[in-house]
Structure formats: structure tokens, C-alpha cells
Amino acid sequence: IEPTIDTSLIRKLRCAAYCRVSSGSEDQLHSYAAQVKYYSEVFKDSDTEELVDIYADEGISGKDVEGRPSVKRLIKDIQDGKIDIVLIQKFDRLTRNITDTNDFVDLFQKYAVDVWSISDGKVDISNSNGKFMTLLKGLFAQHEREATAETSPEPHTPLASPPPRT
């Protein structure tokens with residue numbers, strides 16, 4: 001007798017994809033479009049996962065979650081139990097703020113959501129070492145954002161005059 005499995009009883013893993021680009025420049029918009037296309041295709045023929053939605057914030061800084069409607073919607077859907085896996089390009093696409101990084105790690109742990117990064121693989125937050133490494137990456141992402149802001153003039157702002165010589 002051949003065993004049979006009723007596949008209608010198996011629930012597919014519910015996946016969310018998040019993408020963000022920080023500016024509206026042409027290369028950033030191309031990256032954004034490529035991310036959306038990739039996420040649209042990756043789950044198309046899967047027997048084990050289904051794409052719930054693509055959460056996308058276009059031309060918005062990852063400085064924090066404020067002003068990012070799609071990331072806030074993702075958080076709510078996780079809290080509502082609609083998501084099993086979050087797929088991201090890199091963790092810093094989700095946030096470039098160490099406090100938010102910690103909040104995301106806590107959120108993912110509380111709701112048993114796995115996180116997969118296209119560039120780094122599974123984001124392991126199941127133990128103290130994994131959480132430490134994720135927070136360290138978050139700290140580096142924040143530093144990179146702050147260092148870039150320090151060396152980049154504000155858009156449409158003339159460069160400051162050099163201090164007077166004494």
C-alpha cells in the first residue's frame with residue numbers, strides 16, 4: 001500500500017518581501033524595480049511558500065520606521081499573524097537604526113518569524129550569538145548612514161563657506 005499525503009492539509013509558509021531604496025535617483029529606481037520583479041517571481045511556482053505581499057518604500061531613508069508606510073504595514077501584518085517569513089535584500093534595507101534593529105529582532109522572535117536576506121542567507125536570531133551579530137550589523141548600518149550624512153550636503157543646499165583664517 002502506497003502512503004498518500006493530503007496536500008490540502010499542508011499550509012504554505014506565508015512570505016513577505018520588503019524592499020526600499022533611499023533616493024529617487026535613476027540607479028536606485030532601477031534597483032527598486034529589480035527587487036520588486038525578483039520578489040514577484042521567486043515564489044511563483046513554489047509548493048511550500050506563498051507571497052503574501054511586497055512591502056515597498058520607494059525613495060525613503062532607512063533612518064527609522066517613521067514616515068515609511070510599507071514597513072509599518074509589514075509590522076502590523078506580523079503582529080496580526082499573517083507572516084511566517086520576511087525576505088529582504090539586506091537587513092539594512094529594513095532599517096539603518098540600531099534601536100529599530102533591536103525592535104525588529106524582538107518582533108521577529110516574539111512572533112516566530114524567520115528572516116532571509118538575499119545577500120546573507122538566513123538571519124539567525126535564535127540564539128544570543130545570532131542576535132549579537134544582527135545587532136552589530138545594525139550598528140554598522142547606522143554608522144554608515146550617519147557618516148554618509150556628515151559628508152553629504154543637504155539637497156539644494158550650497159556648501160558651507162570655510163571658516164575664516166586667523
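Quick note: residue numbers are just sequence positions, from 1.
- For the side-chain contact (heavy atoms from CB on, under 4.5 Å) with Thr95, the qualifying choice from Ile98, Asn97, Thr99 is Asn97, the only one to do so.
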(request) Go through the steps to decide whether Phe91 and Thr101 satisfy the test side-chain contact (heavy atoms from CB on, under 4.5 Å), and finish with yes or no. (result) CA-CA 9 Å; Phe91 204 91; Thr101 300; 3.7 Å; yes
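- Within 6.0 Å of NZ in Lys122 there are more than 12 heavy atoms belonging to other residues, nucleotides or ligands.
- Legend: residues meeting ring-ring contact (aromatic ring centres under 6.0 Å, His included) with Phe104, ordered by chain and number and at least two apart, are Phe108.
- Across all their heavy atoms, Ala56 and Ser70 have their closest contact at O-OG, 2.9 Å.
- With sequence neighbours excluded, the residues forming a salt bridge (charged side-chain N to carboxylate O under 4.0 Å, His left out) with Asp106 are Lys131, listed by chain and number.
- Between Leu74 and the choices Leu94, Leu107, Asp53, the side-chain contact (heavy atoms from CB on, under 4.5 Å) rule is met once, by Leu94.
- From Asp84, atom CG reaches atom CZ of Arg14 across 4.0 Å, with rounding to the nearest 0.5 Å.
- Atoms CG and OG1, on Asp120 and Thr134 in that order, are 9.5 Å from each other to the nearest 0.5 Å.
- In this structure, Ile54 and Ser40 approach most closely via the heavy-atom pair CD1-OG, 3.3 Å.
- Across all their heavy atoms, Gln79 and Tyr111 have their closest contact at O-CE2, 3.6 Å.
- Residues satisfying the side chain to side chain donor-acceptor pair (under 3.5 Å) test with Lys137, not counting sequence neighbours, are none.
- Minimum interatomic distance between Val36 and Cys19 (heavy atoms only, all atoms of both residues): CG2-SG, 3.7 Å.
- With sequence neighbours excluded, the residues forming a salt bridge (charged side-chain N to carboxylate O under 4.0 Å, His left out) with Asp80 are Lys76, listed by chain and number.
- Considering every non-hydrogen atom in both Val86 and Ile78, the closest pair reads CG2-CD1, 4.0 Å.
- Taking Lys90 as the reference, Asp92 meet the salt bridge (charged side-chain N to carboxylate O under 4.0 Å, His left out) condition, with sequence neighbours excluded.
- With Lys12 contributing its side chain and Ser46 its backbone, the two residues share a donor-acceptor pair below 3.5 Å.
- Pairing each heavy atom of Tyr39 with each of Ala17, the nearest pair is CG-CB, 3.3 Å.
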(request) Report the C-alpha separation of Met133 and Asn129 in whole Å, then their side-chain angles, then the decisive distance to 0.1 Å, and conclude whether the side-chain contact (heavy atoms from CB on, under 4.5 Å) test is met. (result) CA-CA 6 Å; Met133 291 306 294; Asn129 286 338; 5.6 Å; no
(request) Start with the C-alpha gap between Leu87 and Cys15, add the side-chain angles, then the distance that decides, and say whether side-chain contact (heavy atoms from CB on, under 4.5 Å) holds. (result) CA-CA 7 Å; Leu87 183 64; Cys15 300; 5.9 Å; no
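- To the nearest 0.5 Å, the span separating OH on Tyr55 from CD1 on Ile88 amounts to 14.0 Å.
- Residues passing the salt bridge (charged side-chain N to carboxylate O under 4.0 Å, His left out) test with Asp103, sequence neighbours excluded: none.
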